[in-house]
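Structure record follows, encoded as structure tokens.
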Amino acid sequence: EVVDRACAALELWLAEGMEAAMSAYNGDVNEPVRKSVSVEEELVAAQRAHELKPDDPKPIARMASILMRLERSEEAVQRHLEAAAIYEEQGNTTRFIAHMEQAVRLKPQLIEVQSAIARAYEAVNNNKKAVDRYLRLATHHIAHGDSPAAARAVTEALRVNPQHPKALTMQAELRQS
């Protein structure tokens, strides 16, 4: 019953707006308190909201959050990447970056995602964060024994900021090894 009401409220919200949904489903203070919704029921509601409005990244982001609470991190990574792709299509670079960062926080070996984050920071002229991301990528490559890839990441960092001290130090260390 709770899931059905939640789905109905979501459908009304998507069709007629938040005001209508709040008016219809806010409840009366004299009604008894309903049981709380389980995490699995929250996931079902978020999935239903996504089905109703597949181009809206918010239900996908909600699913990612719920999946993390359920300790299903692989699925959460995929949902963050899906939300990021929609935000990128919409031109919302800030949200795109945020979801990509969530994905790599959960799965650091997503090299292409790490690079995409750095490029996105460059696109919004946040050179400090772009360099930081390239250097994180270089550190990841070094830790996994891939010196050529690390050198390419350091080169990208130096392209953004040719005088960055840590990048210059890493470049020198990579040349020595």
Considering non-hydrogen atoms only, spot the tightest contact between [X] and [Y] and give its length.
X	Y	result
A83	A61	CB-N, 4.4 Å
A116	M100	CB-CE, 3.8 Å
A76	A64	CB-O, 3.6 Å
L110	A103	CD1-O, 4.0 Å

Set of residues satisfying ring pair (Phe, Tyr, Trp, His ring centres under 6.0 Å) with respect to Y121, sequence neighbours excluded | none
What residues, two or more places apart in sequence or in another chain, satisfy ring pair (Phe, Tyr, Trp, His ring centres under 6.0 Å) together with H164?
-> none
Residues forming a side chain to side chain contact (heavy atoms under 4.5 Å, CB included) with I86, sequence neighbours excluded = P57, I60, Q90
Report the residues that fulfil side chain to side chain contact (heavy atoms under 4.5 Å, CB included) with Q47, sequence neighbours left out, ordered by chain and then residue number.
-> L43, V44, M63
Does anything in residues 51-75 pair up under ring pair (Phe, Tyr, Trp, His ring centres under 6.0 Å), and if so which pairs, sequence neighbours excluded?
-> none
Can you list every salt bridge (Lys or Arg N to Asp or Glu O under 4.0 Å) pair that touches residues 156-175, not counting sequence neighbours?
-> E122-R159, E156-R159
Can you run down the salt bridge (Lys or Arg N to Asp or Glu O under 4.0 Å) pairs that involve residues 130-144, sequence neighbours left out, and say none if there aren't any?
-> E101-R133, D132-R136
Hydrophobic cluster (4.5 angstrom, side-chain heavy atoms) - remaining members for L174 = V131, Y134, L135, I142, V154, L158, V160, L168, M170
Sorted by chain and residue number, the side-chain hydrogen bond (donor to acceptor under 3.5 Å, both in side chains) partners of N126 (sequence neighbours excluded) come out as none
side-chain hydrogen bond (donor to acceptor under 3.5 Å, both in side chains) against R105, all qualifying residues, sequence neighbours excluded | Q102
For the atom pair CZ (R95) and CD1 (I97), what is the distance rounded to the nearest 0.5 Å?
-> 12.5 Å
Could you give the distance from CG (L137) to CD (Q114), rounded to the nearest 0.5 Å?
-> 6.0 Å
Going by heavy atoms in the side chains, are E42 and R62 under 4.5 Å from each other?
-> yes
Which pairs pass side-chain hydrogen bond (donor to acceptor under 3.5 Å, both in side chains) with one or both residues in residues 73-87, sequence neighbours excluded?
-> R72-E75, E74-K107, R79-E82, H80-H99
Other residues, nucleotides, ligands: >12 heavy atoms within 6.0 Å of Q109 CD = yes
Output side-chain donor-acceptor pairs under 3.5 Å for residues 146-153, partner residues at least two apart or in another chain, one line each.
from, atom 1, to, atom 2, distance (Å)
D146, OD1, A149, N, 3.3

Spell out, yes or no, whether L106 and I117 are grouped together once hydrophobic residues are joined by side-chain heavy atoms under 4.5 Å, including indirect joins.
-> yes
Would N161 and N127 satisfy side chain to side chain contact (heavy atoms under 4.5 Å, CB included), going step by step from the backbone distance to the final call?
-> CA-CA 7 Å; N161 181 353; N127 291 344; 5.8 Å; no
